[in-house]
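Here's the structure we're looking at; comments come further down.
Lettering of chains follows the sequences in order, A, B, ..., and the numbering in each one begins at 1.
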Amino acid sequence: MNIFRLIGDLSHLFAIIILLLKIWKTRSCAGISGRSQILFALVFCTRYLDLFTHYISLYNSLMKIFYLTSSFGTIYLMFFKFKATYDRNHDTFRVEFLLIPSAVLALLINHEFDVLEILWTFSIYLESVAILPQLFMVSKTGEAESITSHYLFALGAYRGFYILNWIYRYYSEGFYDLIAILAGIVQTVLYCDFFYLYITKVLKGQKFSLPA
Amino acid sequence: NRNTRLHDEL
């Protein structure tokens, strides 16, 4: 564990909590992509199967359990409890365009041809693009509530900090995982446009809206 | 490298 990874994990944790609180406090999931949330739940399910096979640390297990339960909690709030507020007309990104390439790529490019390993690889590829339905939704409506933009910023920052962690681990331990690194770079790059608008608008107290 | 397969990151 190093400081970059810790900040990354906490940023991820913070993003999930912001989203849950936003939905809970406003009793509404308007502006949130249910499709991205389902993809994230699938990412956690396929990645954290090792919760039952490999023990790493208490921290590691607790975080995995939190990510899994919170992602199902979010889905429950969106698709059941506050279903009426779900903006499904704007949430139309075709997720098969993300699922199928991630699955094919996981079968082709992996560290080992083994069920758990392929599922882990699939989760890494899918996570890198899972935010696209959400970004697509924001681009369709042209704006986002500031709380949603804080959520997106924390979620994007998480993988960015992981990149710093991988650089650190490469120099300090000689450890590197090319699959995670390349997917993590793709994931972070997808947020760049959003980061730019967040910094130039939201942090100056303006509403998050796309340039006309 | 066994290390890469024991995914210790989240």
Under a 4.5 Å heavy-atom cut-off, does chain B meet the side chain of A:Asn60, its backbone, both or neither? both
Could you tell me whether A:Phe195 atom CZ has more than 12 heavy atoms of other residues or ligands within 6.0 Å of it? yes
Is the count of non-hydrogen atoms from other residues, nucleotides or ligands lying under 6.0 Å from A:Lys83 atom NZ greater than 12? no
With a 6.0 Å cut-off (strictly less than), is the heavy-atom count around OH of A:Tyr171, excluding the residue itself, greater than 12? no
Please find the pair of heavy atoms, one from B:His7 and one from A:His111, that lie closest to each other, and give the distance. CE1-CD2, 4.4 Å
Considering residues, nucleotides and ligands other than A:Phe66, do more than 12 of their heavy atoms fall under 6.0 Å from its CZ? yes
Candidate list A:Tyr158, A:Phe44, A:Tyr59, test side chain to side chain contact (heavy atoms under 4.5 Å, CB included), partner B:Leu10, passing option: A:Tyr59
How many angstroms lie between CD in B:Glu9 and CZ in A:Arg47, if you round to the nearest 0.5 Å? 9.5 Å
Does atom CZ of A:Arg94 have more than 12 heavy-atom neighbours, drawn from other residues, nucleotides or ligands, at distances under 6.0 Å? no
Taking side chain as everything from C-beta outward and backbone as N, CA, C, O, which of these in A:Asp114 sits under 4.5 Å from a heavy atom of chain B? Side chain, backbone, both or neither. neither
Compare all side-chain heavy atoms of B:Asp8 with those of A:Met1 and state whether any distance is below 4.5 angstrom. no
